[in-house]
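This is a predicted model, so every value here is computed, not measured.
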There are 2 protein chains.
Amino acid sequence: MKDVAARAGVGLKTVSRVVNGEPGVTLETESRVRAAIEALGFRRNDSARVLRKGRTASIGLVLEDLADPFYSPLSRAVEEVARANGSLLFAGSSAEVPEREQELALALCARRVDGLVIVPASEDHRYLEPEIAAGVATVFVDRPAGRIDVDTVLTDNAGGARDAVAHLIAHGHRAIGFIGDTEGIYTADERVRGYHEAMASAGLPVDEGWVSMGPTSPERVRSELDRMLSGPAPVTAVFSGNNRVTVTAVRVLADRPDPVALVGFDDFELADLLRPGVTVIAQDPVRLGRTAAELLFRRLDGIAEPPRRVELPGRLVARGSGEIPPPSA
Amino acid sequence: MKDVAARAGVGLKTVSRVVNGEPGVTLETESRVRAAIEALGFRRNDSARVLRKGRTASIGLVLEDLADPFYSPLSRAVEEVARANGSLLFAGSSAEVPEREQELALALCARRVDGLVIVPASEDHRYLEPEIAAGVATVFVDRPAGRIDVDTVLTDNAGGARDAVAHLIAHGHRAIGFIGDTEGIYTADERVRGYHEAMASAGLPVDEGWVSMGPTSPERVRSELDRMLSGPAPVTAVFSGNNRVTVTAVRVLADRPDPVALVGFDDFELADLLRPGVTVIAQDPVRLGRTAAELLFRRLDGIAEPPRRVELPGRLVARGSGEIPPPSA
DNA sequence: CTGAAAGCGCTTACAG
DNA sequence: CTGAAAGCGCTTACAG
């Protein structure tokens with residue numbers, strides 16, 4: 001910038017004015033400056049700009065896995081809102097490792113992102129308190145924050161799970177299995193809670209072998225399903241706790257001679273093309289992401305109100321697999 | 001930092017040393033500095049650091065759509081390599097709009113990203129020349145750059161398309177339709193080229209109604225398929241040009257009374273669970289992303305060699321739909 | 001082991 | 001309409 005000013009024979013401030021399109025520069029001066037910029041291949045350095053201005057016009061997104069079919073539309077929605085607000089997006093995957101979430105979030109804060117959208121992997125977010133106090137707008141999405149009070153956007157997981165299980169009960173099932181994600185993950189805990197509530201409110205007992213929480217690896221899901229479907233108190237229907245479990249469940253059930261009812265949490269592409277179509281509780285990842293990002297930019301616009309908690313409903317989509325009656329019926 | 005130094009009663013440089021874990025500080029001094037950092041809630045500002053150091057330890061990724069099931073694993077792979085190299089990732093979607101690609105890429109350069117991984121939406125990338133000259137490492141992936149010579153990582157699209165069509169020919173088909181993406185998109189053009197080459201090398205004529213290029217919207221794909229399957233020279237097999245076309249094609253063919261052979265470019269989840277399973281030419285988006293990012297960091301490590309062009313093979317995965325014989329056979 | 005000075009490339013507040 | 005000075009928060013190169 002100094003070189004440009006020298007070459008154009010003007011002051012630094014004048015170059016700054018031209019680069020930023022500010023008024024108060026003669027057309028002739030401006031064209032001289034532009035020529036110098038061109039000749040020198042000048043490119044403004046936004047880092048220096050940031051240092052003076054405070055705002056970086058960038059936000060950070062920390063989630064579990066950028067490649068997950070549930071989170072990638074959520075990311076895209078956050079990106080769109082950022083774009084509409086003139087911001088760029090940093091994105092990082094925690095891979096469900098608490099230390100990695102923290103490392104990412106703090107690295108983004110050190111870059112002075114204006115705000116942070118977080119799908120947490122950890123349970124204690126007090127490490128963010130100094131950042132929030134320093135003005136970093138923060139919104140949690142899909143799962144709540146731990147030990148701090150911030151804006152949060154969630155799906156009604158327990159409600160969705162209740163609907164799923166009630167649907168199976170309405171179709172005549174009494175022995176219903178649940179295969180969920182690892183205990184401690186908020187959504188997993190909420191969904192198993194919804195399962196128990198629905199069974200209880202229908203007056204149905206739950207055999208201890210019917211509920212299985214753990215990693216969503218195909219191996220585990222397959223063996224747990226096989227166990228539930230045979231054994232002393234076999235289930236006649238299965239509620240799968242998320243999209244990855246559902247995909248494996250579909251594979252396993254396809255190999256069995258008798259049809260078994262299935263409802264999955266989370267929708268997925270082609271669910272309607274399988275035979276039978278897969279009945280699901282659909283979340284709306286785009287709306288989750290959009291709502292979270294909009295909340296973030298409201299804060300950045302200076303809206304000061306107590307932290308909000310927004311809960312979006314799940315939606316039951318019946319496609320066939322959830323309407324299969326129990327064998328005896 | 002100044003405040004911390006004052007409070008600890010040391011020089012600025014000593015604070016810097018403690019913050020950066022550099023040697024040459026007494027344990028006692030260090031603990032005094034740490035206490036001051038704690039008390040003042042000090043957070044290092046990386047923007048200032050960047051201003052001095054040159055490197056920002058961040059790279060940018062510009063692609064078509066972060067939520068696309070093909071690009072989201074590619075993004076994740078780029079992110080992993082960035083992480084392994086201590087870099088953060090900016091990610092942005094061009095939505096196939098050339099101006100948006102350019103706007104994003106230049107905004108990232110203004111933030112002084114160290115490097116750029118680009119899935120281009122435009123055909124002329126000379127706008128990047130000043131940036132590249134200024135030291136921004138740049139790698140193109142999935143589609144080549146236009147009018148500049150840079151590192152590029154591609155799938156062998158024409159080769160994959162030839163394999164797909166040859167496979168259908170080997171199963172007895174002579175009237176084979178192709179539904180591709182919009183003309184002008186590199187991968188679309190390469191795949192239609194492969195289609196024609198395979199037909200030609202088998203000595204088969206191509207009816208002009210058998211090839212259709214355009215948007216991948218379900219409406220267009222459906223109407224074009226219906227047209228190709230009826231009319232004067234109906235096809236007995238279809239080669240679909242990408243994952244979105246394939247998904248619609250599966251839906252359309254499922255509604256038809258007679259089985260029609262189908263091979264799709266790009267693999268997709270659950271392709272094996274459909275009846276029949278869908279035969280595809282599988283690309284490896286993770287490997288594309290990883291290779292591109294590794295090439296980028298090689299450049300950042302100072303490797304100076306002529307731009308490289310890496311081409312990864314596609315892989316035919318036979319699952320049933322591509323092995324359906326023509327009706328007369 | 002420690003620190004004062006200069007500077008990275010911009011913008012802000014002010015004066016002309 | 002234009003510019004010189006100060007400063008954003010760090011690091012570099014040097015001296016003690």
Integer-rounded Å distance: [N] [atom2] and [X] [atom1]:
| X | N | atom1 | atom2 | answer |
| --- | --- | --- | --- | --- |
| R52(A) | dC8(C) | CZ | C1' | 14 Å |
| R32(B) | dC1(C) | CZ | C1' | 12 Å |
| R111(A) | dG9(D) | CZ | P | 18 Å |
| M1(B) | dG7(D) | CE | P | 18 Å |
| E22(A) | dC10(C) | CD | P | 14 Å |
| N20(A) | dG9(C) | CG | P | 17 Å |
| D3(B) | dC8(D) | CG | P | 10 Å |
| K13(A) | dA15(C) | NZ | P | 16 Å |

Quick one: label [X] by what it contacts on the DNA or RNA (base, sugar-phosphate, nothing), any heavy atom closer than 4.0 Å.
| X | value |
| --- | --- |
| V10(A) | sugar-phosphate |
| T29(B) | sugar-phosphate |
| R112(B) | nothing |

Q.
Pairing donors with acceptors under 3.5 angstrom, does anything connect the side chains of S93(B) and E79(A)?
A. yes

Q: Using distance alone, with no hydrogens and no angle criterion, decide if R44(B) and N20(B) have a side-chain donor and acceptor under 3.5 Å apart.
A: yes

Q: Describe, in one word, how the ring planes of F90(B) and F90(A) are oriented to each other, choosing from parallel (under 30°), tilted (30 to 60°) and perpendicular (over 60°).
A: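 Ring orientation of F90(B) relative to F90(A): parallel.
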
Q) Does the dG9(C) base have a donor-acceptor partner in the side chain of R44(A) within less than 3.5 Å? A)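 Donor-acceptor pair under 3.5 Å: no.
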
[N] OP1/OP2 closer than 4.0 Å to side-chain N/O of [X]:
| X | N | answer |
| --- | --- | --- |
| T26(A) | dT2(D) | yes |
| K53(A) | dT12(C) | yes |
| S16(A) | dT11(C) | yes |

Q) Can you give the dot-bracket line for DNA chain D, where a pair is Watson-Crick or G-U wobble with both atom distances under 3.5 Å, crossing pairs use [ ], and | marks a partner on another strand? A) |||.||||||||.|||

Is [X] reaching over with its side chain to a backbone N or O of [Y], donor-acceptor style, under 3.5 angstrom?
| X | Y | result |
| --- | --- | --- |
| D189(B) | T187(B) | no |
| D181(B) | A188(B) | no |
| E101(A) | P120(A) | no |

Q: Please list, chain by chain and in numerical order, all residues satisfying ring-ring contact (aromatic ring centres under 6.0 Å, His included) with Y71(A), sequence neighbours excluded.
A: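 Listed in chain order: nothing, the list is empty.
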
Residue [X], side-chain atoms from C-beta onward, closest of [options]:
| X | options | answer |
| --- | --- | --- |
| L12(B) | dG3(D), dT12(D), dT11(D) | dT11(D) |
| T14(B) | dG3(C), dG9(C), dC1(C) | dG3(C) |
| R49(B) | dC10(C), dG3(D), dC10(D) | dC10(D) |

Q: Using heavy atoms to find the nearest nucleotide of DNA chain D for R17(B) and D46(B) separately, return the residue whose nucleotide is more 5′.
A: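 It is D46(B) whose nearest nucleotide is closer to the 5' end.
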
Q) How do L51(B) and G24(B) order along DNA chain C: which one's closest nucleotide is nearer the 5' end? A)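 Result of the comparison: G24(B).
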
Q: For the pair R100(B) and E64(B), find out whether any cationic side-chain nitrogen is under 4.0 Å from an anionic carboxylate oxygen.
A: no

